[in-house]
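Since this is a predicted model, take the numbers as computed values, not measurements. Below, read A as the first sequence line, B as the second, and so on, with proteins coming before strands; counting in each chain starts at 1.
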Protein chains: 2
Amino acid sequence: MKTREKIISVSLKLFSNYGFAATSVRQIAAAAGIRESSIYNHFHSKDEILIELIKNHSQLNPVREILNEELLDKLSNPVDFFVSFSEELLKKWSLPEEVQFTHLILSEHFRNIGELKISISILFEETRKIVKLILTEMKKNKLIEDEVELLTEEYLTPLFFIRLEKMTLLPIDQSIFDLAQKHSRFFWQNVKRR
Amino acid sequence: MKTREKIISVSLKLFSNYGFAATSVRQIAAAAGIRESSIYNHFHSKDEILIELIKNHSQLNPVREILNEELLDKLSNPVDFFVSFSEELLKKWSLPEEVQFTHLILSEHFRNIGELKISISILFEETRKIVKLILTEMKKNKLIEDEVELLTEEYLTPLFFIRLEKMTLLPIDQSIFDLAQKHSRFFWQNVKRR
DNA sequence: GTCTATACCGCGATAGAC
DNA sequence: GTCTATCGCGGTATAGAC
C-alpha cells in the first residue's frame with residue numbers, strides 16, 4: 001500500500017475511534033509507520049487528511065454495486081426483493097471500514113472542515129436515490145399506489161436507524177438482520193396494492 | 001443563574017458547536033464570564049463537566065411530560081393521537097437546548113468518558129418506553145394486532161431519523177412537521193385492525 | 001520522500017493570595 | 001469562590017540534511 005493510502009486508512013480507524021479533534025498527527029504517523037513530518041509530504045494539514053478521506057470514500061464502493069443481476073431478478077417478487085435488498089445493505093454497512101466511516105461522519109456531522117460540510121446525509125443519499133428509482137418503477141407498474149417520496153422514507157429510515165444505532169458497535173449480531181427482515185416484510189405487506 | 005449552572009449551560013452550547021475535544025476549558029471560562037481556574041472550584045476536570053451535563057439533561061424535562069391530559073384524551077381516536085403525539089415530540093426536539101444536546105450526543109456517541117458510555121440510545125430510550133406502553137394498551141383493546149416491538153420501531157424510527165438528520169440544523173422548518181404528520185397517518189392506516 | 005531537530009503555541013490543571 | 005501566575009505536556013507545523 002502506498003504511503004498516502006496508508007495514511008488515509010489508519011486515519012479513518014483513528015478518527016473513528018477517538019474523534020477527529022482528539023486524534024493527533026503523531027498518532028497517525030506512528031500507526032502509518034512513518035515520522036510526523038513525513039505526513040506533510042502527502043497532505044498540507046490534518047484537515048486535508050479528513051477532507052480527502054471523505055472524498056475518497058464517497059467514490060469507492062458505491063451502493064449501486066449491490067444491485068446485481070441476482071437481486072434485480074427478484075423484482076418480480078417484491079417482498080423477496082426488499083428482504084434481500086435490506087440484507088445486502090446491512091451486509092455492506094457491516095464492513096469494518098463502513099462502520100468506521102459511519103462513526104466518523106456521525107461524530108463530525110454538520111461541522112465545517114474548510115469548504116466541506118459534513119452531514120449524516122452523506123451516508124444515505126445514494127441509497128435514497130436508488131430506492132426512489134425502484135419504487136417509481138413499481139408505481140408505474142401499478143404494484144403500489146402511495147407517494148413514492150413517503151414510501152422511500154418509510155422503507156429506508158428504519159434501516160438507516162439500525163445503521164446508526166446498532167451497527168456502530170461491533171460485533172454485528174444476527175438479530176439485526178432479523179429486524180431488517182421483519183421490517184421489510186411489514187413494509188411490503190402495507191404498501192402493496194390491495 | 002448560579003456559576004455551576006452557567007458553566008453547564010455554556011458548555012452544552014460550546015461542546016455542541018465545536019465538539020467536546022475541540023472545546024477548551026479556556027473557552028468555557030470566557031463564555032461563563034470567569035477565569036479558567038475558577039472552573040475547578042465546581043468540577044474536578046473537563047470530563048466531569050460533560051458527565052454532569054449529560055446526567056442533568058436526562059433528568060430535566062422528561063419526555064413523559066408531553067403526555068398531558070389533552071393528548072391522552074385523543075387516545076380514543078388513535079390517528080389523532082399519533083398525529084398530535086408526533087407533533088409534540090418534534091416540538092420538544094426543536095428546542096435549542098434539545099438540538100444542542102442531540103448534536104453533542106451524536107458527536108460523542110459510543111465514546112467512553114470515565115464510567116459513562118455515551119450512545120445514541122440516550123436520546124430515545126424514554127420515548128420508546130412510552131410508545132411501547134401505549135401500543136401494548138391498544139393491543140389489549142384489540143385496536144391493533146401486530147407485534148408491539150415491531151410497531152414501536154415502525155412508528156418511531158422515522159421520527160427519530162428526522163430528529164437526527166433534519167433537526168440538528170436550525171432553523172426548523174414547517175415541512176418537517178408535515179413529514180411527521182404524513183408518517184403518522186400512514187402508520188395508523190397500516191396498523192389498525194382491519 | 002524520509003529523516004532529525006525544533007519552533008511556537010495552547011492545552012488541562014495546580015498553587016496560593018485575597 | 002474568585003483571582004493571578006505558572007507548570008509541564010503535547011499539539012500542529014516547518015527547516016533543512018540525506
Side-chain angles (χ1 to χ4, degrees), chain A residues 1-56 100 103-105 107-108 111-118, chain B residues 1-56 100 103-105 107-108 111-118:
Chain A
M1 199 186 280
K2 297 223 167 157
T3 303
R4 187 191 153 93
E5 294 164 28
K6 180 83 182 164
I7 293 171
I8 287 192
S9 159
V10 301
S11 293
L12 173 56
K13 211 170 295 185
L14 290 167
F15 291 164
S16 130
N17 255 329
Y18 305 109
F20 174 74
T23 301
S24 68
V25 177
R26 279 169 205 182
Q27 278 177 283
I28 297 170
I34 52 173
R35 298 289 166 176
E36 217 180 319
S37 54
S38 300
I39 299 269
Y40 295 92
N41 283 313
H42 302 274
F43 302 93
H44 294 106
S45 66
K46 189 180 148 189
D47 277 9
E48 208 192 53
I49 299 177
L50 179 59
I51 292 169
E52 292 298 309
L53 190 167
I54 292 173
K55 272 194 203 161
N56 264 23
Q100 286 162 13
H103 222 118
L104 171 60
I105 295 296
S107 73
E108 302 301 324
R111 215 143 278 152
N112 298 334
I113 317 279
E115 292 178 16
L116 188 69
K117 290 188 200 317
I118 299 178
Chain B
M1 202 186 283
K2 298 224 165 159
T3 305
R4 187 190 153 93
E5 293 164 30
K6 179 84 183 163
I7 293 170
I8 287 192
S9 158
V10 302
S11 294
L12 172 58
K13 211 170 293 184
L14 289 167
F15 291 164
S16 130
N17 254 330
Y18 305 110
F20 174 74
T23 302
S24 68
V25 177
R26 280 169 204 184
Q27 278 177 281
I28 297 171
I34 52 173
R35 298 289 166 176
E36 215 180 324
S37 53
S38 300
I39 298 271
Y40 294 92
N41 284 311
H42 302 275
F43 302 92
H44 293 107
S45 66
K46 188 179 150 190
D47 278 9
E48 210 191 53
I49 300 177
L50 178 59
I51 292 170
E52 291 299 309
L53 189 166
I54 291 174
K55 273 193 203 162
N56 264 22
Q100 286 163 12
H103 222 119
L104 172 59
I105 295 294
S107 74
E108 303 301 324
R111 217 144 279 155
N112 299 333
I113 316 280
E115 291 177 17
L116 188 70
K117 290 188 201 315
I118 299 178

- Message: At a heavy-atom distance below 4.0 Å, what parts of residues 9-33 of chain A sit against DNA chain C?
- Response: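 The answer is none.
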
Problem set entry | N-O pairing of E108(B) and R111(B) below 4.0 Å |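 Between R111(B) and E108(B) there is a salt bridge, with a charged N closer than 4.0 Å to a carboxylate O.
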
Tell me: [atom1] of [X] to [atom2] of [N], nearest whole Å?
{"X": "D47(B)", "N": "dC11(C)", "atom1": "CG", "atom2": "C1'", "answer": "14 Å"}
{"X": "F43(B)", "N": "dG1(D)", "atom1": "CZ", "atom2": "C1'", "answer": "14 Å"}
{"X": "H44(A)", "N": "dT14(D)", "atom1": "NE2", "atom2": "C1'", "answer": "13 Å"}
{"X": "K46(B)", "N": "dC11(C)", "atom1": "NZ", "atom2": "C1'", "answer": "8 Å"}
{"X": "I39(A)", "N": "dC3(C)", "atom1": "CD1", "atom2": "P", "answer": "10 Å"}
{"X": "I34(B)", "N": "dG1(D)", "atom1": "CD1", "atom2": "C1'", "answer": "9 Å"}

Taking the side chain of [X] as heavy atoms from C-beta outward, which of [options] is closest to it?
{"X": "E36(A)", "options": "dA13(D), dC3(D), dA13(C)", "result": "dA13(D)"}
{"X": "H42(B)", "options": "dC3(D), dG1(D), dA13(C)", "result": "dG1(D)"}
{"X": "Y40(A)", "options": "dA13(D), dA13(C), dG1(C)", "result": "dA13(D)"}

Please confirm whether the shortest side-chain N or O distance from S38(B) to OP1 or OP2 of dG1(D) is below 4.0 Å.
no

Shortest non-hydrogen contact between [X] and [Y], atoms and distance:
{"X": "I7(B)", "Y": "A32(B)", "answer": "CG1-CB, 4.3 Å"}
{"X": "A21(B)", "Y": "A22(A)", "answer": "CB-CB, 3.9 Å"}
{"X": "K13(A)", "Y": "Q100(A)", "answer": "CG-NE2, 3.7 Å"}

When you compare the side chain of [Y] with that of [X], does any pair of heavy atoms fall below 4.5 Å?
{"X": "F43(A)", "Y": "I8(A)", "result": "yes"}
{"X": "L104(A)", "Y": "I118(A)", "result": "no"}
{"X": "L50(B)", "Y": "L116(B)", "result": "no"}
{"X": "F20(B)", "Y": "K46(B)", "result": "yes"}
{"X": "T23(B)", "Y": "N17(B)", "result": "no"}

Using nucleotides 16-18 of chain D, report all nitrogen or oxygen pairs with the protein that are shorter than 3.5 Å.
none

